[in-house]
Amino acid sequence: MGLLDGWRGWRRRRLLERHAIDDARWQRILAASPLFDRLTDAERNRLRELTTLFLASKRFFGAHGLAVDDDMRVSVASRACLLVLGLHDGLDYYRGWYTIVLYPGGFVAEREVEDEFGVVHSGYEELDGESMAGGAVVLNWEEAQPRRADPDSNREPGDDPEPVDVVIHEFAHKLDERNGEANGLPPLPADMSVAEWAEVFNAAYERFIDWTDAGVQLPFDDYAATHPAEFFSVATEAFLLAPRRLRDALPDVYQQLARFYRQDPAAA
């Protein structure tokens with residue numbers, strides 16, 4: 001082990017000690033979301049370490065008078081880290097930005113849209129989440145709180161009837177942005193093919209748009225049809241919350257996501 005590796009190991013241990021997550025709090029967070037049910041004890045331990053290191057490197061702010069407590073911080077951070085749980089040096093995907101802002105409800109952002117004639121229109125849009133390129137993640141805490149499905153609902157184990165999680169969605173955008181502008185293509189591991197990913201996702205995106213236009217039952221939210229980046233983020237939500245449904249509807253997409261995230265939630 002070189003001097004630099006030794007220093008990094010010492011710094012990691014120091015951060016884990018100084019920012020340790022209370023046991024009772026960690027168990028509350030795990031119990032609050034179905035996302036963590038399938039994890040092994042070893043995976044939960046790794047997730048706890050990643051979450052601790054993530055919290056040591058990011059700052060949380062509450063907007064419009066929202067008081068942000070430690071449970072809220074750990075809740076958001078743990079789901080962000082679930083995305084990179086299987087990735088080598090996964091926290092590198094979250095380098096270069098430092099801020100997470102929580103609003104008590106929906107928030108308004110200014111938008112400019114260019115129409116087919118080249119005319120730019122300005123307006124405002126109410127949002128539940130936003131990933132600012134190279135900057136903060138902004139979340140509506142009312143929607144960002146983890147939720148479990150009604151235990152009396154008729155659903156397949158491991159598949160949420162509404163595979164929606166705004167934290168997963170916005171942090172999937174953060175992964176996507178590591179290649180620059182979000183376009184549905186995050187930096188892939190060396191053993192994955194960019195050409196194959198592009199072929200699978202482009203075909204699935206066009207198929208999903210056709211399904212939306214035809215009014216057929218969709219495997220996840222039709223917001224995925226608005227842009228390739230949104231398709232990737234919404235598909236990621238389904239991958240983690242309704243993996244069997246995604247695997248059945250779009251098996252090639254499921255396979256690519258399983259290879260990228262190094263996780264196989266449908267098999268759990």
Below 4.5 Å, heavy atoms only, C-beta onward: do [X] and [Y] meet side chain to side chain?
X    : Y    : result
P219 : L246 : no
L250 : R207 : yes
L83  : L240 : yes
C81  : L47  : yes
I21  : I29  : no
R259 : E196 : yes
E170 : K174 : no
W211 : D222 : no

Rounded to the nearest 0.5 Å, what separates atom [atom1] in [X] from atom [atom2] in [Y]?
X    : Y    : atom1 : atom2 : result
L257 : T236 : CG    : OG1   : 5.0 Å
F232 : H169 : CZ    : NE2   : 10.5 Å
R25  : D69  : CZ    : CG    : 7.5 Å
L82  : L39  : CG    : CG    : 6.0 Å
T226 : I209 : OG1   : CD1   : 9.0 Å
L218 : F208 : CG    : CZ    : 4.5 Å

For [Y], is there an ion pair with [X] - N to carboxylate O distance below 4.0 angstrom?
X    : Y    : answer
E43  : R46  : no
D22  : R28  : no
D70  : R73  : yes
R38  : D264 : no
R245 : D248 : no

Can you check whether [Y]'s main-chain N or O pairs, donor with acceptor, with [X]'s side chain at less than 3.5 Å?
X    : Y    : result
D176 : S233 : no
W26  : V74  : no
Y261 : F239 : no
R79  : S75  : yes
Y103 : W141 : no
E142 : G105 : no
Y94  : S57  : no
D128 : G106 : no
R44  : F36  : yes
K58  : W97  : yes

**OP:** Mind running side-chain contact (heavy atoms from CB on, under 4.5 Å) on L175 and F260 for me, showing each step along the way?
**Re:** CA-CA 11 Å; L175 304 186; F260 172 64; 4.1 Å; yes

Original post:
Do other residues, nucleotides or ligands put more than 12 heavy atoms under 6.0 Å from R262 CZ?
Top reply: yes

Original post:
Is it the case that more than 12 heavy atoms not belonging to D213 sit under 6.0 Å from its CG atom?
Top reply: yes

Original post:
Between H173 and E230, is a side-chain contact (heavy atoms from CB on, under 4.5 Å) present by the stated rule, with each step listed?
Top reply: CA-CA 8 Å; H173 281 318; E230 300 301 344; 3.1 Å; yes

Original post:
Mind checking whether F201 and W197 have parallel, tilted or perpendicular rings, split at 30° and 60°?
Top reply: parallel

Subject >> In one Ile/Leu/Val/Met/Phe/Trp/Tyr side-chain cluster, 4.5 Å: Y98, F61 >> reply: no

Original post:
Which atom names give the shortest non-hydrogen contact between Y205 and A224, and what distance separates them?
Top reply: CE1-O, 3.4 Å

Subject >> For the student: nearest non-hydrogen atoms of A267 and Y254, plus distance >> reply: N-OH, 4.4 Å

**OP:** Kindly indicate, with the supporting measurements, whether the criterion ring pair (Phe, Tyr, Trp, His ring centres under 6.0 Å) is fulfilled by F171 and Y93.
**Re:** CA-CA 10 Å; F171 279 93; Y93 278 87; over 10 Å; no

Original post:
Can you check side-chain contact (heavy atoms from CB on, under 4.5 Å) on M192 and Q256, steps first, answer last?
Top reply: CA-CA 9 Å; M192 292 188 69; Q256 289 295 309; 3.4 Å; yes

**OP:** Determine, stepwise, if the pair V166 / N140 fulfils side-chain contact (heavy atoms from CB on, under 4.5 Å).
**Re:** CA-CA 8 Å; V166 69; N140 168 359; over 6 Å; no

